[in-house]
Amino acid sequence: MSAGEERLSDTPEVKEPKLLDRARARMRARHLSLRTERAYLGWMRQYILFHGRRHPAEMGEVEINSFVTHLAVEKRVSASTQTQALCALLYLYREILGKQVGELEGLIRAKRRRRLPVVLTREEVRRALGELRGTERLFLDLLYGTGMRLMEGLRLRVKDIDFSQAQVTVREGKGGKDRMTMLPAAIRGDLERHLAQVKLLHQQDLAEGFGRVQLPAALARKYRSAPMEWGWQYVFPAPGRSRDPRTGEWGRHHLYERTVQRAFRDAVRRAGLTKPATCHTLRHSFATHLLMSGYDIRTVQELLGHRSVKTTMIYTHVLNRGGFGVQSPLDQL
């Protein structure tokens, strides 16, 4: 054996990354959100375990059909959950394995039920928000006053609030779209005082060698100083620092969503409301109350960021009084 062959044999074998690691790397290269990444990886794991840890490359349409049908029939998941699982598996086959999936014949779909959204009256909103204090109160006031979704509010940056024009720019909303909404005058003073405190916190982080915030896509590489600039900081930062799961850097993320969800749930309970209200209920209430005030449905559509006015029209059904506004014959006796 020659010396060259000896050196070649001594070279350590480079192992190919595991399937889920490849999927994670591909999703990060495509700039999918961390929430989407975690959800897709979770469904991929469940799919593999469901089929006895078989490699997905050895499976295909039949196994996908079996798993997704199992979710609808046995697990009784919602239509949206089943669709998310199917999207994750299609992404795995098409983007990672490079394998086209044919027709999923015989797939049993979970029935998509048409339900009216839960909407609070103005008095119920006042009672629920009245049970809150501090940052949670300001944040939920902002959700109701702007119609933003929960994660849109949490990801709000300082630069996206325009006090002079009394407007808020919502970046990367559902469908990756930007939109404008109003800044409620009722919370302007509280929001300015809140941002003054947040700025002091940011300056303290910078002094201690931190102060970097996660930026969307590749902006951090393009603008090296941007992660430390004031305008890019979150309006509602977390009380403590944490490590970015993607970059490994320490910084201050936005307020944790469950913190806000728990605070509102407890406020609804203390207010004595019986409706199953969540943070998203404030968005439904925002739209309904605007329509009740006489605003055009197209205006409400733009403020909510709906792609189609048909989506916004569901709130017109909420406006109907009980029994479609028909007076009961019992009341006419």
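You'll find the side chain of F264 stays beyond 4.5 Å of the side chain of L150, heavy atoms only. Annotation: side chain of W43 is not in contact with side chain of C87 (no heavy-atom distance under 4.5 Å). Residues V235 and L191 meet the side-chain proximity criterion, which asks for heavy atoms closer than 4.5 Å. The shortest side-chain heavy-atom distance between L303 and F286 falls under the 4.5 Å cut-off. Annotation: side chain of D160 is in contact with side chain of R171 (closest heavy-atom distance under 4.5 Å). Within the 4.5 Å cutoff, the side chain of L129 has heavy atoms near those of the L132 side chain. Side chains of L92 and L19 form a contact here, defined as non-hydrogen atoms less than 4.5 Å apart. Residues Q203 and W230 have side chains not in contact (no heavy-atom distance under 4.5 Å, counting atoms from C-beta outward).
Between E63 and R54, at least one side-chain nitrogen of the basic residue sits less than 4.0 Å from a carboxylate oxygen of the acidic one, meeting the salt-bridge criterion. The pair E123-R126 meets the salt-bridge criterion, since a charged nitrogen lies less than 4.0 angstrom from a carboxylate oxygen. A salt bridge links D190 and R193; the closest N-O separation between the charged side-chain nitrogens and carboxylate oxygens is under 4.0 Å. Salt bridge status for R35 with E257: present, with a side-chain N to carboxylate O gap under 4.0 Å. Salt-bridge check for K159 with E229: failed, with every basic side-chain N at 4.0 Å or more from each acidic carboxylate O. Comment: R137 engages D141 in a salt bridge, judged by a side-chain N to carboxylate O separation of less than 4.0 angstrom. Between R24 and E37 there is a salt bridge, since at least one side-chain N of the basic residue sits less than 4.0 Å from a carboxylate O of the acidic one. The existence of a salt bridge linking E192 and R188 is confirmed by a sub-4.0 Å separation between a basic side-chain nitrogen and an acidic carboxylate oxygen. Salt bridge R179/E302: absent, no basic N to carboxylate O contact under 4.0 Å.
Under the 3.5 Å distance criterion, the side-chain polar atoms of K275 are matched with a main-chain donor or acceptor of V119. Between the side chain of R270 and the main chain of E131, a donor-acceptor pair closer than 3.5 Å is present. Within the 3.5 Å criterion, the main-chain N or O of E172 finds a donor-acceptor partner in the side chain of D178. With T316 contributing its side chain and M313 its backbone, the two residues share a donor-acceptor pair below 3.5 Å. A donor-acceptor distance shorter than 3.5 angstrom exists from the side chain of Q233 to the backbone of P227, with no hydrogens or angles considered. A donor-acceptor pair under 3.5 Å links the side-chain atoms of E124 to the main chain of T121, judged by distance alone. With T146 contributing its side chain and T181 its backbone, the two residues share no donor-acceptor pair below 3.5 Å. No side-chain donor-acceptor contact under 3.5 Å links S293 to the backbone of Y295. Judged purely by atom type and a 3.5 angstrom limit, R53 has no side-chain atom pairing as donor or acceptor with the backbone of I48.
Between M148 and the options L282, L304, V170, a side chain to side chain contact (heavy atoms under 4.5 Å, CB included) holds for only V170.
Residues M228 and L215 do not share a hydrophobic cluster, defined by chaining ILVMFWY side chains whose heavy atoms lie under 4.5 Å apart. Under the 4.5 Å side-chain contact rule for hydrophobic residues, L201 and W232 do not share a cluster. Residues L34 and V213 are members of separate hydrophobic clusters, defined by side-chain heavy-atom contacts under 4.5 angstrom among Ile, Leu, Val, Met, Phe, Trp and Tyr. At a threshold of 4.5 Å between side-chain heavy atoms, the hydrophobic network of Ile, Leu, Val, Met, Phe, Trp and Tyr places L140 and L138 in one connected group. The hydrophobic clustering, which links ILVMFWY residues whose side-chain heavy atoms are closer than 4.5 Å, places L89 and L49 apart.
Remark: K177 NZ is packed, more than 12 non-hydrogen atoms of other residues, nucleotides or ligands lying under 6.0 Å away. No more than 12 heavy atoms of other residues, nucleotides or ligands lie within 6.0 Å of NZ in K199, so this atom counts as exposed by the packing criterion. Residue-environment remark: CZ (R38) stays at or below the threshold of 12 foreign heavy atoms within 6.0 Å. For CE of M182, the number of neighbouring non-hydrogen atoms (other residues, nucleotides, ligands) closer than 6.0 Å is greater than 12.
Note on ring orientation: taking the six-membered ring where Trp is involved, the planes of H306 and Y315 are parallel (angle under 30°, cut-offs 30° and 60°).
Taken to the nearest 0.5 Å, the NE2 atom of H51 stands 8.5 Å off from the CD1 atom of I64. The line from OG1 of T312 to CZ of R307 is 12.5 Å long, rounded to the nearest 0.5 Å. L156 contributes atom CG, which lies 4.5 Å from atom CD1 of I161 (distance to the nearest 0.5 angstrom). For the atom pair OG of S66 and CD of E61, the computed distance is 13.0 Å after rounding to the nearest 0.5 Å. Summarising the geometry, atom CZ belonging to R22 is positioned 9.5 Å from atom CZ belonging to R26; distances are rounded to the nearest 0.5 Å. Atoms NZ and OH, from K99 and Y93 in turn, are 5.5 Å apart once rounded to the nearest 0.5 Å.
The shortest heavy-atom contact between Y234 and Q214 is OH-O, 4.0 Å. For Y47 against P56, the heavy-atom pair with the smallest separation is CE2-CB, 4.3 Å. For the residue pair Y91 and M44, the shortest heavy atom distance occurs at CD2-CE, 4.3 Å. The two residues L291 and I297 have their closest heavy-atom pair at CD2-CA, 4.0 Å. I96 and A23 get closest at one heavy-atom pair: CD1-CA, 3.6 Å. The two residues Q82 and V68 have their closest heavy-atom pair at NE2-O, 3.1 Å.
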Assess whether side chain to side chain contact (heavy atoms under 4.5 Å, CB included) is satisfied between T259 and E136, documenting all intermediate values. CA-CA 8 Å; T259 301; E136 287 83 6; 3.9 Å; yes

Applying salt bridge (charged side-chain N to carboxylate O under 4.0 Å, His left out) to E249 and R212, what does each step give before you reach the verdict? CA-CA 8 Å; E249 294 181 344; R212 296 180 63 87; 3.3 Å; yes

Given Y256 and L154, is the side chain to side chain contact (heavy atoms under 4.5 Å, CB included) satisfied, shown in steps? CA-CA 8 Å; Y256 195 36; L154 291 175; over 6 Å; no

Show your reasoning for whether side-chain hydrogen bond (donor to acceptor under 3.5 Å, both in side chains) applies to T36 and S33. CA-CA 5 Å; T36 301; S33 71; 2.9 Å; yes

Determine, step by step, whether D205 and W250 satisfy the side chain to side chain contact (heavy atoms under 4.5 Å, CB included) criterion, reporting the C-alpha distance in whole Å, the side-chain angles of both residues, the deciding distance to 0.1 Å, and the verdict. CA-CA 11 Å; D205 284 345; W250 282 90; over 6 Å; no

Would V309 and R298 count as a side chain to side chain contact (heavy atoms under 4.5 Å, CB included) if you check the C-alpha gap in whole Å, the side-chain angles of each, and the deciding distance to 0.1 Å? CA-CA 7 Å; V309 73; R298 293 285 183 179; 3.7 Å; yes

Candidate pair T81 and S78, rule side-chain hydrogen bond (donor to acceptor under 3.5 Å, both in side chains), full reasoning: CA-CA 5 Å; T81 300; S78 67; 3.0 Å; yes

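A cation-pi arrangement is absent between R283 and Y144 under the rule of less than 6.0 angstrom and at most 45 degrees off the ring axis. Taking the ring centre of F210 as origin, the terminal cationic atom of R241 falls inside the region bounded by 6.0 Å and 45° from the ring axis.
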